[in-house]
Amino acid sequence: VQLQVSGGGLVQAGGSLRLSCAASARTYRTYTMGWFRQAPGKEREFVGAFSWSLSTTYYADSAKGRFIISGDNAKNTVYLQMSNLKPEDTSVYYCAVGLRGGSRSGNYDYWGQGTQVTVSS
C-alpha cells in the first residue's frame with residue numbers, strides 16, 4: 001500500500017486547510033487510516049483516525065471541534081479538514097494505515113511521506 005499525502009501549505013491563524021491521503025490499493029479499506037503530526041523537536045502525535053470498516057472517526061483532544069476526517073470510497077482517499085488553525089498546529093502531517101488503528105503510531109504499518117503545515121500568527 002502506498003500513500004500519497006497532499007494539501008499542506010502556509011496559512012494564517014484562524015484559517016483552514018484540507019489534507020488528502022490517497023491510497024494505492026483498495027485493500028486498505030480493511031484498515032484504519034490515521035493522521036499524525038510531528039513538530040520539530042517533538043514526538044509524533046496522533047491527530048485522528050478513520051475506520052473504513054466501521055465508518056467511524058475519532059480524534060485527539062487537540063483536534064476535536066476543529067478537525068474533521070472523512071473518506072471518499074471512489075477515490076480511495078481520506079481527508080483531514082482543518083479549521084480554526086493555530087500556530088501550535090504547525091507540523092509535518094502524515095497519514096498512515098494499519099489493521100489495529102488507535103492512537104499509537106506503532107499500530108500503523110504503512111506511512112505517507114508527510115506534508116508541511118505552517119500556521120502563522
State whether a side-chain donor-acceptor pair under 3.5 Å links Thr90 with Glu88. no

If the condition is side chain to side chain contact (heavy atoms under 4.5 Å, CB included), which residues does Lys42 pass it with, not counting sequence neighbours? Ala39

State yes or no: are the ring centers of Trp111 and Phe36 separated by less than 6.0 Å? yes

For [X] and [Y], work out which heavy atoms get closest and say how close.
X      : Y      : answer
Gly15  : Val11  : CA-CG2, 3.8 Å
Gln116 : Thr118 : NE2-OG1, 3.3 Å
Val117 : Gly8   : CG2-CA, 4.1 Å
Leu17  : Leu85  : N-CD1, 3.9 Å
Val5   : Gln113 : O-NE2, 2.8 Å

Check whether any side-chain heavy atom of Leu19 sits under 4.5 Å from a side-chain heavy atom of Tyr79, and report yes or no. no

Side chain to side chain donor-acceptor pair (under 3.5 Å) against Ser70, all qualifying residues, sequence neighbours excluded: none

Should Val92 and Phe46 be regarded as members of a common hydrophobic cluster, given that ILVMFWY residues are connected when their side-chain heavy atoms come within less than 4.5 Å of each other, either directly or indirectly? yes

Hey, any chance Phe67 and Val78 share a hydrophobic cluster, counting ILVMFWY side chains that come within less than 4.5 Å of each other, even indirectly? yes

Donor-acceptor pair, distance only, cut-off 3.5 Å: does the side chain of [X] make one with the backbone of [Y]?
X      : Y     : answer
Ser16  : Ser83 : no
Ser62  : Ala60 : no
Gln38  : Ser91 : no
Asp109 : Gly98 : no

Show, in sequence, the C-alpha distance, side-chain angles and deciding distance for Phe50 and Trp35, and conclude whether the side-chain contact (heavy atoms from CB on, under 4.5 Å) test is met. CA-CA 9 Å; Phe50 177 75; Trp35 286 97; over 6 Å; no

When you look at Arg37 and Tyr93, which way does the side chain to side chain donor-acceptor pair (under 3.5 Å) test go after all the steps? CA-CA 4 Å; Arg37 65 186 184 185; Tyr93 283 72; 2.9 Å; yes

How long is the straight-line distance from [atom2] of [Y] back to [atom1] of [X], given to the nearest 0.5 Å?
X      : Y     : atom1 : atom2 : result
Leu3   : Ser20 : CG    : OG    : 12.5 Å
Met33  : Asn76 : CE    : CG    : 8.5 Å
Ser105 : Glu45 : OG    : CD    : 11.5 Å
Tyr31  : Ser51 : OH    : OG    : 13.0 Å

May I ask you to establish whether Arg44 and Tyr94 are in a cation-pi arrangement, using a distance under 6.0 Å from NZ or CZ to the six-membered ring centre and at most 45° from the ring axis? yes

Between Asp61 and Lys64, is there a side-chain N and carboxylate O pair less than 4.0 Å apart? yes

Would you call Arg66 and Asp89 a salt bridge, taking side-chain N to carboxylate O under 4.0 Å as the test? yes

Can Tyr59 and Val47 be said to form a side-chain contact (heavy atoms from CB on, under 4.5 Å), step by step? CA-CA 6 Å; Tyr59 302 92; Val47 175; 5.8 Å; no

Determine, stepwise, if the pair Tyr108 / Leu99 fulfils side-chain contact (heavy atoms from CB on, under 4.5 Å). CA-CA 7 Å; Tyr108 292 82; Leu99 275 175; over 6 Å; no

Is it the case that over 12 heavy atoms from other parts of the model lie below 6.0 angstrom from the CD atom of Gln81? yes

